[in-house]
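Only this structure's heavy atoms are used, side chains among them; waters, hydrogens and symmetry mates stay out. So you know, we letter chains A, B, ... as the sequences are listed, proteins then strands, and number each from 1.
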Amino acid sequence: MIDLIFPDGSQRQFEDGATGRDVAASIAKSLEKRAVLIKLDGQLYDLDRALPSGGQFEILTRDSPEALDTIRHDASHVMAEAVQELFPGTQVTIGPAIEDGFYYDFARDTPFSLDDLAKIEQRMKEIVDRDEKIVREVWDRDEAIAHFKSIGEDYKAEIISDLPDGETITVYRQGQWKDLCLGPHLPSTKSVGKAFKLMKLAGAYWRGDHRNAQLQRIYGTAWANEADLEAHLMRLEEAEKRDHRKIGRAMDLFHLQEEAKGMIFWHPKGWTLYRTVEAYMRRRLEIDGYVEVKAPQIMDRGLWEKSGHWEKFGANMFTCETTEGEELAVKPMNCPGHVQIFNFGQKSYRDLPLRMAEFGACHRFEPSGALHGIMRLRAFTQDDAHIFCREDQIEEETTKFVRLLNSVYADFGLELDSVKLALRPDLRAGTDETWDIAEDKLDRAARQAVNMEVERLPGEGAFYGPKLEFHLSDAIGRTWQCGTLQLDFVMPERLDAEYVVEDGSKQRPVMLHRAICGSMERFIGVVIENYAGAFPLWLAPTQVVVATITSDADDYALKVAQELSAAGLRVETDLRNEKINYKIREHSLAKTPVIAVVGRREAEEGKVALRRLGSDGQEILTVVEAAKRLALEASPPDVTRQAVLRGASPLQGEVGVREAG
RNA sequence: GCCGCUUUAGCUCAGCUGGUAGAGCACCUCAUUCGUAAUGAGGGGGUCACAGGUUCGAGUCCUGUAAGCGGCACCA
């Protein structure tokens, strides 16, 4: 007999060999009908599988959030069945559920076309209508290998061969179609429903290794119901509208062109945004005790060899030779330069922690396929800093850093989503003992500093040390890796960094490589998408447009613009001979935060009518009052906070306000 | 780098099975001075990504190259 404990706390006993369906049927016929899976002690099982033991028991229906992954997984199986019916000779490999949907990787000589997707989708719907029962079978390992080989499924046979001995080999059968799979699955193809859509075709390497054959991946999205599917498609549309490349063009922020691929041409408005973010970061760093430096862009090969970059990172470096026979490399990272500055003269333990920052322009040769708008470039600027410190300062510095990072993200309307710990890669410098210590230290520091679970990523660290990755989420829930903190025992050793301790002997400092934006360009890309171009006043490239109603107000408009810009605001005028409606529309579409309308009336009274983006009301103020208020509002969040701490107006000392005459 | 798709005016896009390029917005000119999301009329602008090929004839078909896009791999 097995004992089941139900969600309401009640307990019941069932015969050995009872299935989830039996239990559901014993409760209610209607429940049996709706049941698709069961959960036993936190684990999902097929509805028709004999329960392996007693425990915490729950029946899941199709609507249960926990069933969604299984719906997606089953959709991938239905897709594989459809593909093999339509395109005989295509081999199946793997097809998991992923966020929002599923994919399946196929091996086939001729590529699928977009038209094929429509056909496959159609056939999938037919398979759902067929209501094929999905049945779990346990197979003998050798028989399974022989079977899949005999039907030409070499990839499947390979997967089985690689399973550890003693692992139960399960095959799921739906209609005539079979697939090796761990399960669990829904009871029938009908339970998958039709709220799915095939989205895109892609190449993908077998087992994720670029040395292997390339397979054809078909991505789909699948949901419990039509409404959820619709909502998802709407979200995608929304995301597309926010695309920083689109907004960058529409708002005239920057462009990229063939002759400098992976590098940005910043236009005046975009550069204003950039400088605003940079100035903000500079203030934040200064208050947190960083010093700013600037190291050379190009340095001799010898230095890069010493640091280990030439060997470990050489394939990604831009190099050049002079006519005098020197070999040089454009810096892909800032660390060696900073160590040179650290090494200049003597450092004492009293100097530590030494936090050395640079807005460091780095160039890396990235594979052409990796480039993505301004998020992934060949030339980018890191908000980099290296903290030279003692081992016993690592935790404190990590905590301090994480606090700063969280505060910065919050100021841009972003939120820290997750933190990951990337561990030693195959290609690395330093001994295993050093790595043991570094990983352990960083792990501890992270747990101390970060208020959330830290996922471990084996093999993904930097070549000189383990890495904390900070992923942030934007306004519509997408995540990006920007911030990082890396612990490095290797670079100080290789580049001979030392400081003098109390007894006069010399010690090696530890280096913490850290960035909050990651790259200024990527961060600005995220910020653009986060605000969909409608920046808060302090970030907006153009903060106020003074628009005239008739040409009678032109002189007055110029005067108003002068007053506002004297108050530190970024102001433009629009004196064109156009209707005010036209101007309002145009500047609203351009996402200008404030439009200051002036007509004959305002000119006579010395006032302006302020209209805010997204509202159709207006506020009539004197020019002096408007300048004061807008300047206050346009004060960056950190400046405002500092002013509040000092108990002063944020305008004092930061932006000069001149009384209007 | 690999797989697939795309590339036509400044932007967004039409252009059927090959017959010599079009719209909307933007831009320029003129008129209009009009109080909170598009005033009207007129005008200019494209070796159809680039290089070959097939053809009497190529934006359209074929091959190659480049860039962009979606993934994979790589990564801030």
Side-chain angles (χ1 to χ4, degrees), chain A residues 103 105 110-114 116-117 199-219 240 243 245-246 249-250 252 255-262 313 315-316 332-333 360 362 364-378 380-384 422 425 460 462 467 469-470 480-484 486 513-523 525-526 547-554 575-590 595-602 609-618:
Chain A
Y103 68 77
D105 285 345
T110 6
F112 293 111
S113 70
L114 252 36
D116 293 336
L117 288 195
M199 303 297 284
K200 52 200 173 194
L201 286 165
Y205 298 105
W206 167 237
R207 299 201 148 161
D209 188 329
H210 67 280
R211 287 163 302 197
N212 289 340
Q214 191 149 31
L215 307 168
Q216 291 185 62
R217 177 171 297 179
I218 303 179
Y219 282 96
E240 212 173 305
D243 192 308
R245 292 164 297 197
K246 232 175 223 186
R249 195 185 300 116
D252 196 18
H255 86 267
L256 298 102
Q257 69 185 46
E258 277 192 38
E259 289 82 354
K261 66 172 164 159
F313 206 75
N316 290 306
M333 297 181 194
C362 296
R364 296 182 187 173
F365 178 77
E366 298 289 354
S368 55
L371 304 175
H372 175 91
I374 67 171
M375 304 295 211
R376 190 78 187 274
L377 296 159
R378 284 183 177 165
F380 57 95
T381 309
Q382 294 179 319
D383 63 320
D384 206 359
E460 300 201 10
K467 175 161 95 176
E469 296 180 358
F470 297 86
W480 307 88
Q481 194 221 310
C482 291
T484 182
Q486 304 163 11
H513 306 239
R514 42 105 296 161
I516 294 173
C517 303
S519 96
M520 299 297 285
E521 293 83 357
R522 174 180 294 182
F523 190 70
V526 171
T548 50
I549 293 173
T550 67
S551 55
D552 293 345
D554 284 2
L575 310 182
R576 291 175 303 173
N577 177 12
E578 295 288 353
K579 291 187 172 174
I580 192 63
N581 281 334
Y582 180 88
K583 295 184 184 182
I584 296 281
R585 177 181 155 82
E586 195 170 272
H587 299 300
S588 297
L589 290 173
I595 304 173
V597 176
V598 293
R600 197 173 296 145
R601 205 151 66 220
E602 284 76 14
L610 299 184
R611 180 191 165 111
R612 309 295 180 129
L613 182 61
S615 107
D616 51 8
Q618 53 176 332

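- Between rC11(B), rC75(B), rG1(B), one nucleotide has an atom nearer to the side chain of Tyr205(A) than all others, and that is rG1(B).
- The base of rG35(B) sits within donor-acceptor range of the side chain of Glu602(A), with an N or O pair under 3.5 Å.
- Taking the P atom of each, rC16(B) and rG59(B) are spaced 13 Å apart, rounded to whole Å.
- Summarising the geometry, the separation between CG on Asp383(A) and P on rA76(B) is reported as 13 Å, rounded to the nearest angstrom.
- For Ser368(A), whose side chain is taken as the heavy atoms from C-beta onward, the closest listed nucleotide among rA38(B), rG1(B), rG35(B) is rG1(B).
- Within the structure, every side-chain polar atom (N or O) of Tyr582(A) is placed at least 4.0 Å from both OP1 and OP2 of rG40(B).
- Comparing atom distances between the Ser551(A) side chain and each of rA73(B), rU33(B), rA76(B) picks out rU33(B) as nearest.
- Within the 4.0 Å cut-off from OP1 or OP2 of rA37(B), at least one side-chain nitrogen or oxygen of Arg611(A) is found.
- Counting distance only, with no hydrogens placed and no angle test, the side-chain atoms of Arg364(A) and the base atoms of rC74(B) include no donor-acceptor pair under 3.5 Å.
- Candidate nucleotides rA76(B), rA37(B), rA73(B) were compared by shortest atom distance to the side chain of Pro367(A), and rA73(B) ranks first.
- Searching all strands for a Watson-Crick or G-U wobble partner of rC56(B) with both distances below 3.5 Å returns rG19(B).
- In this model, the phosphate group of rA38(B) is not approached by any side-chain N or O of Lys583(A) to a distance below 4.0 Å at OP1 or OP2.
- Of all nucleotides listed (rA76(B), rG1(B), rC34(B)), rC34(B) comes nearest to the side chain of Arg600(A).
- Listed nucleotides rC72(B), rU33(B), rU36(B) differ in distance to Val597(A); the shortest reach to its side chain belongs to rU36(B).
- Residue ring and nucleobase are not stacked for Tyr219(A) and rG71(B) under a centre distance beneath 5.5 angstrom and an angle between planes beneath 30°.
- rC5(B) is paired with rG68(B) under the criterion used here, namely a Watson-Crick or G-U wobble arrangement in which both key atom distances are under 3.5 Å.
- A donor-acceptor contact under 3.5 Å links the side chain of Arg376(A) to the base of rC75(B).
- Here rC11(B) sits opposite rG24(B) as a Watson-Crick or G-U wobble pair (both hydrogen-bonding atom distances under 3.5 Å).
- Across rC27(B) and rA73(B), the matching P atoms stand 45 Å from one another, rounded to whole Å.
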